[in-house]
There are 2 protein chains.
Amino acid sequence: MFSKTCEYAIRAMIYVAQQSKLDRRVSVKEVAEGIASPEYFTAKILQNLSRNNLLSSAKGPGGGFFLDKQGLKAPLAEIVRIIDGDDIFTGCGLGLAQCSEIQPCPIHHEFKQIRKGIISMLEKTKVGAFTEENSVHTLFLKR
Amino acid sequence: MFSKTCEYAIRAMIYVAQQSKLDRRVSVKEVAEGIASPEYFTAKILQNLSRNNLLSSAKGPGGGFFLDKQGLKAPLAEIVRIIDGDDIFTGCGLGLAQCSEIQPCPIHHEFKQIRKGIISMLEKTKVGAFTEENSVHTLFLKR
DNA sequence: AAAATAAAGGACAATGTTGTCTTTTATTCA
DNA sequence: TGAATAAAAGACAACATTGTCCTTTATTTT
Ligand code: SF4
Ligand code: SF4
């Protein structure tokens, strides 16, 4: 569904969100340990997210990554869009060619509904949503 | 959603299905031209599908690939399973860890529904379904 | 000011996916 | 039987994704 990079990005954002709710800033190292991802690769991803303003960061002692109130409201869709582009939002999953609504293939209607579901799920779910009942949700960031 | 290889596989199967309905066997070359895919790569894919009995093939003059009545009834799901494995059928799209129904993440319910939709779409759509109203559907195999 | 901390950035390596070419095997037809 | 046809199989090349390491820049603390 999503690239590995994107999966890490989502998990990382959730982890940072959880820690931000506790007013903690976290280092790359901590994030990588927290979500069981390769440290340096995770660094790249966090940099990317930060550059794209999905995440705040601060250098130096006491620094690290964090999410402000705005950041917690970012939908998962934004992360996906930045990391994987918007193929999943626009393209046809089957990889068939440009086909119109007027001459759709046998699965077009169903496929459209599914895509709509994915988009709606990603748009309406904010990273902050994963911070309630903290102890429970920390668990499944590692795999 | 699917790998490029898998997209080619689906398009190729549809193309072969269409030609089989006209009692034609088709060569790799014809398939590749028919779906605008790289010829030798397509050969590998067709071999793979053939090895896995999703497709019949015959060597020598007058040979080529074709689908018998059984083959036309194969669901798209089978193609996906063979080429991409069953990640899409079983895994969690977000790449989060093993999480139970009892302690689901905020999007679990919605995600489950979506996955169910994808599976149902792929299972109930047979390759043969793309052979009706032939002229229309041939169009969008090229992209 | 110097040392320590931590992100940013650049360069590179490993792996996986996609794409190409050549040789071998099976079948048909003359 | 020999020539032609077409898939099967093996080897390899190009490219993309994923993963690692090292240097630089900004910030804080002493
Ligand atoms: S008609 Fe819709 S589902 Fe079918 S190939 Fe086109 S975009 Fe995809
Ligand atoms: S609870 Fe469901 S949707 Fe959430 S991470 Fe687990 S499998 Fe995925």
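Throughout, protein chains are lettered first and strands after them, A, B, ... in sequence-line order, and every chain is numbered starting at 1. Hydrogens, waters and symmetry mates are skipped; everything else that's a heavy atom, side chains included, is used. Since we're looking at a predicted model, the values are computed, not measured.
For the segment residues 79-88 of chain A, the set of residues with a heavy atom within less than 4.0 Å of an atom of DNA chain D is empty. Residues from residues 41-52 of chain A placing a heavy atom under 4.0 Å of any atom in DNA chain C, listed by number, are Lys44(A), Gln47(A), Ser50(A), Arg51(A). A heavy atom closer than 4.0 Å to some atom of DNA chain D occurs in Lys59(A), Gly60(A), Pro61(A), these being the qualifying members of residues 55-70 of chain A.
Position along DNA chain D of the nearest nucleotide to Val28(B) versus Tyr8(A) favours Val28(B) as the more 5'-ward residue.
The distance between atom NZ of Lys4(B) and atom P of dC15(D), rounded to the nearest whole Å, is 13 Å.
Residues Val31(A) and Val26(A) come closest through the heavy atom pair CG2-CG2, 3.7 Å.
Under the salt bridge (Lys or Arg N to Asp or Glu O under 4.0 Å) criterion, Glu110(A) pairs with Lys124(B), not counting sequence neighbours. Not counting sequence neighbours, Lys4(B) has no partner by the salt bridge (Lys or Arg N to Asp or Glu O under 4.0 Å) test.
The outermost nucleotides of DNA chain C lying under 4.0 Å from heavy atoms of chain B, listed 5' to 3', are dT18(C) to dT28(C).
Residue Thr5(A) places at least one side-chain N or O closer than 4.0 Å to OP1 or OP2 of dT18(D).
Side chain of Arg11(A) to backbone of Ile35(A): a donor-acceptor contact under 3.5 angstrom is found.
The existence of a salt bridge linking Lys73(B) and Glu78(B) is excluded, since no basic side-chain nitrogen approaches an acidic carboxylate oxygen closer than 4.0 Å.
Using a 4.0 Å heavy-atom distance criterion, Val26(A) is classed as a sugar-phosphate-only contact.
In the hydrophobic cluster analysis, where Ile, Leu, Val, Met, Phe, Trp and Tyr join through side-chain heavy atoms closer than 4.5 angstrom, Ile10(A) is grouped apart from Phe66(A).
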